Structure formats: C-alpha cells, structure tokens
Amino acid sequence: MKQSNNILILGIGNYLMGDEGIGVHVANRLQKETELAGIDIVDGGTGGFHLLGYFEGYDNIILVDATLDDNPDGTIRLIKPRFATDFPKAMSTHDIGLKDMVSALQLLGKMPEIHLFVVSIESLQQQGIELTPGVEKVIPALIQKIKDLVQEIRNMKIPATTTLPLLIAQPA
C-alpha cells in the first residue's frame, strides 16, 4: 500500500458520538480543500487494527482525534508519538486500538512519522452527529494547522531527481 505522496491524513473517531467524531468531521472537510491535492485523506472511523495497512504504507501520517483531558473544550494540541505511552492518557473510545497499533508497528519495524492533532472534548456524547459549539468553532484553526504541517512536510522532502553525493573510500 506504499503511496507516492507518502502523506496520509487520517481522521479517527465515532461520527455518531458527537465531539468524539471530530477526526471524521475534519477528514470529510479536508477532502474538499484544493490546497491538499495529492494528499490522501481517509475517514478512519473507529477502525483500530484495520488501519494497520495505512500505517505501514506511508512515511508521514497526520492523525486527528478527540481526547478527554483537563484542557478546555476545543483545545488543539500537536503530539508526535513514537511509543504507545506517548499518546494522551485519556484518548477517546478507541484509544486501545491506536496504542496497540503503534506497539505492533514498532515490533514490525515499520513505524512511520506520526503527527497527532488532538482536540480536547468535554465528554463522550452518546448519540448525535453534531459537534458542540466549542469544538465546532476550532475546526477552521485545526484545518489551517494541518495545511501548515503538510506544507512543512512537503518542504522537508528531498526531490526524487536530487543526486546525493556518493562517498567512496580512498585507499590509505
């Protein structure tokens, strides 16, 4: 599943549980952004281990998810987890799947660069596809942060046509 652009934006969450589904809401809105042409954007829902193929197929993955923490509703944070323990302690209803997936990737030696945007939510709502006003109002800022990160990742890439110097050992 190796992709040529090597950047995936993956929205995580349960769309039917209000704010818990912010990652899915953001992924759906990002698919309409022309600035992100050539970037794969996926609604990961609550896929858990079913998403493992995506994690193996990209060099850079931008995750968007909700978190239950002590921050005010709508707080956006960027985390760069390298280990399962780097994820926020109180991820939403699917936290075990993501943490376990990171552990599996480490064991397989296929760990991509993960950029995790978490949005603080007040509680898990039982039903409803609407976001609360506090979470809804941060989506434009979150989308801009994602676009900025994509541009930063694109700028760090070495073009395929670049020839790197070849080091040849000289006899002593």
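In what follows, every heavy atom counts, from backbone to side chain, and hydrogens, waters and symmetry copies are set aside. Computed from a predicted structure; not experimentally measured.
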- Task: Any pair with a residue in residues 27-38 that passes salt bridge (Lys or Arg N to Asp or Glu O under 4.0 Å), sequence neighbours left out, goes on the list, sorted by first then second residue, please.
- Result: R29-E136, E33-K147, E35-K147
- Message: Between V135 and E122, is there a side-chain heavy-atom distance shorter than 4.5 Å?
- Response: no
- Query: Between the side chains of D40 and Y58, is a donor N or O closer than 3.5 angstrom to an acceptor N or O?
  - Reply: yes
- Message: So, using side chain to side chain donor-acceptor pair (under 3.5 Å) as the criterion, who are the partners of D70 when residues are at least two apart?
- Response: none
- Item | Atom pair CG/CG of N60 and N6 - distance to nearest 0.5 Å | 7.5 Å
- Message: side chain to side chain contact (heavy atoms under 4.5 Å, CB included) for V119 and T75? Distances and angles first, verdict last.
- Response: CA-CA 5 Å; V119 178; T75 299; over 6 Å; no
- Task: Could you list the residues that satisfy side-chain contact (heavy atoms from CB on, under 4.5 Å) with V26, not counting sequence neighbours?
- Result: I22, L30, V64, I139, L142, I143, I146
- Message: Evaluate D59 against I7 for side chain to side chain contact (heavy atoms under 4.5 Å, CB included), listing each step before the verdict.
- Response: CA-CA 6 Å; D59 293 333; I7 300 173; over 6 Å; no
- Item | All ring-ring contact (aromatic ring centres under 6.0 Å, His included) counterparts of F117, not counting sequence neighbours | none
- Going through the checks in order, is the side chain to side chain contact (heavy atoms under 4.5 Å, CB included) test met by R77 and T67? CA-CA 10 Å; R77 292 184 297 136; T67 186; 4.2 Å; yes
- Item | Between OG on residue S120 and CG on residue L68, distance to nearest 0.5 Å | 9.0 Å
- Message: How close do R154 and A37 get, counting heavy atoms only, and between which atoms?
- Response: NH2-O, 3.0 Å
- CD1 of I121 to OG1 of T132, rounded to nearest 0.5 Å, is 8.5 Å
- Query: Quick one: are K145 and I76 in side-chain contact, heavy atoms under 4.5 Å?
  - Reply: yes
- Specify the closest pair of heavy atoms between I9 and V150, including all atoms of both residues, with the distance to one decimal. CD1-CG2, 4.1 Å
- Output all residues satisfying side chain to side chain donor-acceptor pair (under 3.5 Å) with N71, sequence neighbours left out; order by chain, then residue number. D69
- Short question: side chain of H25, backbone of I129 - any donor-acceptor pair under 3.5 Å? yes
- Distance from L63 atom CG to H115 atom NE2, nearest 0.5 Å? 9.5 Å
- Message: Under the rule for side chain to side chain donor-acceptor pair (under 3.5 Å), what residues qualify as partners of Q151, not counting sequence neighbours?
- Response: N155
- Query: How long is the gap from CE on M156 to CD on E113, to the nearest 0.5 Å?
  - Reply: 7.0 Å
- Which heavy atom in G18 sits nearest to a heavy atom in L131, and how many Å separate them? O-CD2, 3.5 Å
- Item | Gap between atom CD1 of I41 and atom CG of L10 - 0.5 Å precision | 11.0 Å
